[in-house]
Amino acid sequence: MSTQPETTTAKSGRWQPAVTSDPMLRRHGALGRPVSRIDGPLKVQGGARYAAEYPYENICYAALSFSTIARGRILSIETVAAEKAPGVILVMTYHNAPRMMAPSLMMSSPTAAGASDLPVMQNDEIHWNGQPVACVLAETQEQADYAASLIKTEYVALPAVTSFEEAKKTPRQLETLLGQPPILEIGDAEAALKRAEVSVDQIYRTPRHNHNAIELHAATVAWDGEHLRMHDASQLLDLTAGQLADIFGIDPQNVHVTSPYVGGGFGGKCLWDHQILACAAAKLAGRPVRIVLSREGVFRLVGGRTVTEQRVALGAKADGTLDALIHTGIVAMTLHNSCPEQFTFPARHMYAAGAFRLAQEVADMDMLANTFMRAPGESVGTFALESAIDELAEKLKLDPIELRRRIEPKKDPTSGKPFSSRRLIECYEKGAEKFGWSARNMVPRQKRDGEWLIGMGCATATYPYHRFPGGAVRMRLTAEGKVTVSTAVHDMGMGTATAQAEHIALRLGIPFEDVTFDYGDSTLPRGVIAGGSTQTASIAGAVIAATEIFVDELLKLAGNDSPLAGFSLAEVEPRDGGIGHRDEKGRFESYQSILRRAGREELVVQGEAPPPAEMEAFSMHSYGAQFCEVRVSEITGETRISRFLGSFDAGVILNAKTAISQFKGGIIMGIGLALTEETNFDERYGRVVNASLAEYHVPVQMDVPEIDIIYTNKPDPQAPMGARGIGEIGITGVGAAVANAVYNATGKRIRDLPITLDKLL
């Protein structure tokens, strides 16, 4: 028997996006079991190694010293005391750092992964308050931290733009808003607004937010000649490997990045200066390096959500139908990144209107580059849009759900494309029934319990479907009937490996226990980033392609002596541990039998997903209805969320247990957005002043009520497995649902997040 694996790669198959549906949709109902995560036991037993836990002989530890001005140059940097401190191996500054290319902005090239395109420790220039100016290596972390505190830096300050109000005076129009036109106009919306019988025209504001994943940003790196090995906390493995190769001028094959376990990402676990500095310092010292940012270091070095100022204007007829929908505004950004918090995107797809004006500008500031944060654009854009919808409903004396029913579009209102699947009104109907919405009084301040005013609010949740091209998977079948599927993707705690193992088991018709999903390693077939709620569909697209190749190859191996002789790919299906005719159930042969007769120990195939044609042909989104009940103290202004329900339409749910966890996690982050989270930015110096979890308040157990989750579980016929992404939709609409509930309780409309005591007293 042959012992050499043979790999076949092809791209043709039965599934043609936007033309044919995923063959597995005929088995609808088999997915969705509440399976516990396969990595759960390893994690609770402490056996899962994270980026900062890989042992190396002779390893040293890194600490960073951060700038204290927003813009300028380093006049002098005194490192002698640090170099003489106990255990110090090296102090790296721009004077002695290896020469490196600057990162490229993410999405600007196939290997670009930079949050900004600024060079890293290559000159004396300072671009934000918190930029690393020195990297210390020592024998222990405590020694490195102490030595870093001894570094004294003097600066020549240059004029800096650190005030959002000042920056807004010279706005800039982007050439593109993440690939979409920054201005979208249909008809004359301003004129329609003036003619409207009923109108709302308000400004809504959201603050900066910072990433605070449980796992601190970390990396363990080592060089072996020109080969770079990195254990990272990453949600973009392949891009990181390619970008590091570019930065250090080495062959991409010489960069090996792994990231099997990530303690939370949400858009922040990308490529930042700390990984690049660790690689540079390791090269300079000739020793492995471990770097773990402190919680303050994350605030200084890792971007978050930027501030927004949004205008939403709605012009309606007396029956509620919209004549005009205007959503415009501005965000803060830097000249060195391109992450504009695309808050106008929901308004492009949500509601029918006679005329639209959707436009967004940026105000450039000297600050840390902002980045993607869970549901960028949609999380804050829905706060403004859905608050305005609630204000319009009140003026029209309509129930907010009834208003949404009246402006529900039959097709995408701005692109004109058909919806692949849209059950938003069903989400509202089922959610309202379960939540008890009919008990809500439309008049504010009508329900109380002692000092507590009680109110209900709702809002729409939405997030677009994306499937990234270029993802590939390798599928390996052994003579024992075991299957391993490999691809360089990520599991940041959302249960990717578990859901995909379930999916693959069902697709191939084998037991869940016989599937291994191999991921988190840049040497595997090229994966896609874990972002934009794209990974599930992107992996599935590649698995479909690989499965078709897999079955085709097995049919060839089966030969003329098989019950499958003469059948084509279109006539058969994987089931019951083998391949069978779709209609003639007796025409069947097991995988093991086919391999055994062919004299093969294994079959290895690789497939690449076809381009996402479904996204071009259809308007594809996940939807939801968020329902919130709040209690507000009339004496102190304290706001407590007493009940919350999310009702979602996200296509097929792959794993009920992990999906519900994802929905709830997004809602909890939305509660933080609504009530507690705000990065305090000192505009005198451009410095974040609440750089700790003692002062930056994320929701804790006392802030979170019992959360109910319901979902339609109906397939989107255009999506692989019928499933759309769920990682980000949970946070969308939550800010508005809370604000609308607060208004219903108190009669006070809050248009500036977070909703704090001072705004209610």
Can a donor-acceptor pair be found between the side chains of [X] and [Y] at a distance below 3.5 Å?
{"X": "Thr732", "Y": "Thr462", "value": "no"}
{"X": "Asp716", "Y": "Ser420", "value": "yes"}
{"X": "Asp521", "Y": "Thr258", "value": "no"}
{"X": "Arg724", "Y": "Ser533", "value": "no"}

Carefully, step by step, assess Asp491 and Val262 under the rule side-chain contact (heavy atoms from CB on, under 4.5 Å).
CA-CA 7 Å; Asp491 193 335; Val262 181; over 6 Å; no
Rounded at 0.5 Å granularity, tell me how far [atom1] in [X] sits from [atom2] in [Y].
{"X": "Thr487", "Y": "Tyr519", "atom1": "OG1", "atom2": "OH", "value": "12.5 Å"}
{"X": "Arg33", "Y": "Glu502", "atom1": "CZ", "atom2": "CD", "value": "5.5 Å"}
{"X": "Tyr465", "Y": "Gln718", "atom1": "OH", "atom2": "CD", "value": "9.0 Å"}
{"X": "Phe468", "Y": "Ile529", "atom1": "CZ", "atom2": "CD1", "value": "4.0 Å"}
{"X": "His490", "Y": "Ile539", "atom1": "NE2", "atom2": "CD1", "value": "9.5 Å"}
{"X": "Leu524", "Y": "Ser486", "atom1": "CG", "atom2": "OG", "value": "5.5 Å"}

When the side chains of residues 368-376 are checked against the rest of the protein, which donor-acceptor pairs come out under 3.5 Å, sequence neighbours left out?
unit_1, atom_1, unit_2, atom_2, d
Asn370, ND2, Cys339, O, 2.5
Arg374, NE, Gly727, O, 2.8
Arg374, NH2, Gly727, O, 2.9

[X] and [Y]: which non-hydrogen atoms are nearest, and at how many Å?
{"X": "His349", "Y": "Ser619", "answer": "ND1-OG, 4.2 Å"}
{"X": "Gly735", "Y": "Ala674", "answer": "CA-CB, 4.0 Å"}
{"X": "Thr676", "Y": "His697", "answer": "OG1-O, 2.6 Å"}
{"X": "Leu105", "Y": "Ala112", "answer": "O-CB, 3.0 Å"}
{"X": "Val473", "Y": "Ala542", "answer": "CG2-O, 3.5 Å"}
{"X": "Phe299", "Y": "Ser692", "answer": "CE1-N, 3.8 Å"}

Are [X] and [Y] packed together at the side-chain level, in the sense that at least one heavy-atom pair is separated by less than 4.5 angstrom?
{"X": "Met107", "Y": "Leu178", "value": "yes"}
{"X": "Val604", "Y": "Met475", "value": "no"}
{"X": "Pro717", "Y": "Ser421", "value": "yes"}
{"X": "Ile671", "Y": "Leu673", "value": "no"}
{"X": "Leu237", "Y": "Val489", "value": "no"}
{"X": "Leu301", "Y": "Asp273", "value": "yes"}
{"X": "Leu177", "Y": "Phe345", "value": "yes"}
{"X": "Val120", "Y": "Pro103", "value": "yes"}

Looking at [Y], is its backbone amide N or carbonyl O close enough to the side chain of [X] to form a donor-acceptor pair, meaning the two atoms are under 3.5 Å apart?
{"X": "Asn655", "Y": "Val35", "answer": "yes"}
{"X": "Gln141", "Y": "Tyr61", "answer": "no"}
{"X": "Gln235", "Y": "Ala530", "answer": "yes"}
{"X": "Trp128", "Y": "Arg300", "answer": "yes"}
{"X": "Arg467", "Y": "Pro611", "answer": "yes"}
{"X": "Asp232", "Y": "Ser234", "answer": "no"}
{"X": "Glu341", "Y": "Thr308", "answer": "no"}
{"X": "Arg290", "Y": "Ala278", "answer": "no"}
{"X": "Gln626", "Y": "Gly730", "answer": "yes"}
{"X": "Glu728", "Y": "Gly532", "answer": "yes"}

Would you confirm whether the ring centroid of Trp223 sits within less than 6.0 angstrom of the ring centroid of Phe248?
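Here the rings of Trp223 and Phe248 have centres that are less than 6.0 Å from each other.
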Would Leu693 and Asn212 satisfy side-chain contact (heavy atoms from CB on, under 4.5 Å), going step by step from the backbone distance to the final call?
CA-CA 8 Å; Leu693 287 178; Asn212 278 288; 3.6 Å; yes
Name every donor-acceptor pair, under 3.5 Å, that has one atom in a side chain of residues 40-54 and the other anywhere in the protein, sequence neighbours excluded.
unit_1, atom_1, unit_2, atom_2, d
Lys43, NZ, Asp39, OD2, 3.1
Glu53, OE1, Tyr50, N, 2.8

Could you walk me through whether Asp251 and Glu226 satisfy the side-chain contact (heavy atoms from CB on, under 4.5 Å) test, starting with their C-alpha distance in whole Å, then the side-chain angles of each, then the deciding distance to 0.1 Å, before giving a yes or no?
CA-CA 9 Å; Asp251 189 325; Glu226 287 297 297; over 6 Å; no
Applying side chain to side chain donor-acceptor pair (under 3.5 Å) to Thr111 and Asp246, what does each step give before you reach the verdict?
CA-CA 8 Å; Thr111 57; Asp246 292 345; 2.6 Å; yes
Determine, step by step, whether Met121 and Leu277 satisfy the side-chain contact (heavy atoms from CB on, under 4.5 Å) criterion, reporting the C-alpha distance in whole Å, the side-chain angles of both residues, the deciding distance to 0.1 Å, and the verdict.
CA-CA 8 Å; Met121 205 174 280; Leu277 291 171; 3.7 Å; yes
Begin from the C-alpha positions of His209 and Phe266 and carry the test ring-ring contact (aromatic ring centres under 6.0 Å, His included) through to its verdict.
CA-CA 12 Å; His209 294 139; Phe266 313 107; over 10 Å; no
Do NZ/NE/NH1/NH2 and the carboxylate oxygens of Glu215 and Lys269 come within less than 4.0 Å?
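Between Lys269 and Glu215 there is a salt bridge, with a charged N closer than 4.0 Å to a carboxylate O.
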Salt bridge between Asp518 and Arg476, side-chain N to carboxylate O under 4.0 Å?
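Result for this pair is no, no salt bridge flagged.
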For residues 504-516, run the donor-acceptor check on the side chains, cut-off 3.5 Å, and write out each pair with its distance to 0.1 Å, sequence neighbours left out.
unit_1, atom_1, unit_2, atom_2, d
Arg507, NE, His503, NE2, 2.8
Arg507, NH1, Asp22, OD1, 2.9
Arg507, NH2, Asp22, OD1, 3.4
Arg507, NH2, Asp22, OD2, 2.7
Arg507, NH2, His503, NE2, 3.1
Asp514, OD1, Lys482, NZ, 2.7

On the 0 to 90° scale, with breaks at 30° and 60°, tag the His621-Tyr623 ring pair as parallel, tilted or perpendicular.
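Plane angle between 30° and 60°, so tilted.
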